[in-house]
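Throughout, protein chains are lettered first and strands after them, A, B, ... in sequence-line order, and every chain is numbered starting at 1.
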2 protein chains.
Amino acid sequence: MTESLNTGLLLFLPYRALEFRVFEGLAAAGFDDFTPAQARVFQRIAPGGSRTTELAEQAGITKQSASFLVDQLERAGYVERVPDPADGRARLVRVAERGARSVEVSRGIVAEVEAEWTAHLGARRMAQLRTLLADLREITDPWR
Amino acid sequence: MTESLNTGLLLFLPYRALEFRVFEGLAAAGFDDFTPAQARVFQRIAPGGSRTTELAEQAGITKQSASFLVDQLERAGYVERVPDPADGRARLVRVAERGARSVEVSRGIVAEVEAEWTAHLGARRMAQLRTLLADLREITDPWR
DNA sequence: CCAACTTCGTCAGAGTCTCTTACCATCTCG
DNA sequence: CGAGATGGTAAGAGACTCTGACGAAGTTGG
């Protein structure tokens with residue numbers, strides 16, 4: 001409702017636009033067998049691998065849900081699970097070969113969209129936006 | 001993965017933080033019988049009412065899904081459906097009394113969070129952020 | 001060492017959300 | 001008026017998420 005949109009919607013709109021473009025591009029490149037929910041978990045896998053519980057916390061879902069999504073990503077070949085050498089209870093979720101290829105593709109699409117945004121805002125203001133968002137992250141992201 | 005987060009995640013993090021705070025606050029005020037999906041539809045109801053199809057488009061879901069969510073919002077007393085005087089096929093979804101009260105509460109919470117963000121960024125940079133996001137909306141929001 | 005507690009993960013079951021397909025009613029236009 | 005477009009509903013299936021309960025492994029304090 002309203003004259004001036006609240007900041008939440010203002011943040012959400014470009015996020016969704018970007019997500020949509022990435023999905024579209026990945027599907028066109030043959031990576032069409034995963035869902036938004038799976039992607040949001042996949043996106044948070046750390047370079048050396050992450051535990052399911054970590055992924056759950058960062059994605060804002062329960063560990064059961066995260067486990068469910070990782071199962072599917074594993075079946076589709078995007079990730080693999082290996083024992084965690086540091087903890088016998090845990091297993092590390094790592095990006096598998098196919099997952100790495102999809103990351104490459106999505107990187108390209110994100111760069112493309114960011115270029116469009118930069119063209120619209122101007123390089124200086126685009127940099128400003130990123131700086132502002134990074135600063136905001138300090139008080140809105142519990143994980144650093 | 002990575003040193004510098006992509007802009008998408010940078011946008012998503014504060015969005016989610018704000019949404020979480022609003023939910024928390026609404027629940028504390030007794031508005032605890034609705035879900036995030038329902039809220040995302042509710043949020044887009046225009047002042048004079050909206051058609052289900054409009055809500056679906058703007059929320060990025062099918063009209064069937066929107067209808068499903070509106071049903072629940074109606075049952076919980078947040079919205080009401082009235083015939084659209086301009087079109088015999090259509091019905092307008094309007095904010096009902098209880099919905100209006102929840103809007104009041106959420107407005108207060110949003111203002112509170114925005115004040116925190118302003119305190120963190122500074123008034124000038126907060127205004128910049130909103131301006132930048134509003135500009136970005138021009139190329140990321142299909143509905144104006 | 002061992003008992004209590006915590007943490008990582010799984011299983012089972014239910015509720016929520018979303019989609020596709022199909023259909024009816026109404027409106028618009030030629 | 002008839003054809004096509006549009007607003008909405010119905011039915012069914014699949015995806016996502018949660019709560020509760022549990023086993024296995026790690027941690028801590030006596």
Inspect the contact between A:Arg21 and A:Glu116 and indicate whether a charged nitrogen and a carboxylate oxygen are less than 4.0 angstrom apart. yes

Go through C:dG9, C:dC8, D:dT17 for me and flag the one nearest to the A:Thr52 side chain. C:dG9

Is any side-chain N or O of B:Arg51 closer than 4.0 Å to OP1 or OP2 of D:dG7? yes

For B:Leu92 and A:Pro36, find the nucleotide of DNA chain D closest to each by heavy atoms; which residue's nucleotide sits nearer the 5' end? B:Leu92

When the distance from CG of A:Leu69 to P of D:dA15 is rounded to whole Å, what number comes out? 11 Å

Ignoring backbone atoms, test whether B:Ser67 places a side-chain nitrogen or oxygen under 4.0 Å from the OP1 or OP2 oxygen of D:dT9. yes

If you find the nucleotide of DNA chain D closest to A:Ala86 and the one closest to A:Phe68, which residue's nucleotide is nearer the 5' end? A:Phe68

Provide, to the nearest angstrom, the distance between the CZ atom belonging to B:Phe34 and the P atom belonging to D:dC18. 16 Å

The side chain of A:Arg89 is closest to which nucleotide in this list: C:dC27, D:dT19, D:dA24? D:dA24

Calculate the interatomic distance between B:Asp84 atom CG and C:dA25 atom C1'; express it in whole Å. 14 Å

A:Phe23 atom CZ is separated from D:dA15 atom P, nearest whole Å, by 14 Å

Please determine whether a side-chain nitrogen or oxygen atom of A:Thr62 lies at a distance below 4.0 Å from atom OP1 or OP2 of D:dT17. no

Could you tell me how far apart B:Asp71 (CG) and D:dG8 (C1') are, to the nearest whole angstrom? 11 Å

Could a donor-acceptor pair under 3.5 angstrom be found where the side chain of B:Glu54 meets the base of D:dG7? no

Would you say C:dG9 has OP1 or OP2 under 4.0 Å from some side-chain N or O of A:Thr53? yes

Categorize A:Gln72 for me: base, sugar-phosphate, or nothing, with a 4.0 angstrom heavy-atom threshold over every strand shown. sugar-phosphate

Rounding to a whole Å, what distance do you find between B:Leu55:CG and C:dT18:C1'? 16 Å

Look at all strands and tell whether A:Gln38 reaches a base, only sugar-phosphate, or nothing, counting heavy atoms closer than 4.0 Å. sugar-phosphate

So if I take every side-chain heavy atom of A:Ala37 and compare against D:dC16, C:dC17, D:dA21, which nucleotide ends up nearest? D:dC16

Rounded to whole Å, how long is the line connecting atom CD of A:Glu57 with atom C1' of C:dG9? 14 Å

Is a salt bridge present between A:Glu54 and A:Arg44, judged by a nitrogen-to-oxygen distance below 4.0 Å? no

Are B:Arg130 and A:Thr7 close enough, and set up right, to give a side-chain hydrogen bond (donor to acceptor under 3.5 Å, both in side chains), and what steps lead you there? CA-CA 7 Å; B:Arg130 287 188 51 91; A:Thr7 310; 2.6 Å; yes

Below 4.0 angstrom from OP1 or OP2 of D:dT9, is there any side-chain N or O of B:Arg91? yes

Mind telling me whether B:Tyr78 and B:Phe31 have parallel, tilted or perpendicular rings, with 30° and 60° as the class edges? tilted

With a 4.0 Å cut-off on heavy atoms, is B:Arg40 in touch with a base, just the backbone sugar-phosphate, or nothing at all? nothing

Using the ring centroid of each side chain, check whether A:Phe34 and A:Phe23 are separated by less than 6.0 Å. yes

d(NZ, B:Lys63; C1', C:dA22) in whole Å: 11 Å

First of A:Ala90 and B:Ala66 reached from the 5' end of DNA chain C, by closest nucleotide: A:Ala90

A:Glu112 and A:Arg107 ion-paired at < 4.0 Å: no

Side-chain N,O (B:Arg81) to OP1/OP2 (D:dG8) below 4.0 Å: no

Touch check for B:Ser65, heavy atoms < 4.0 angstrom, all strands: base, sugar-phosphate only, or nothing? base

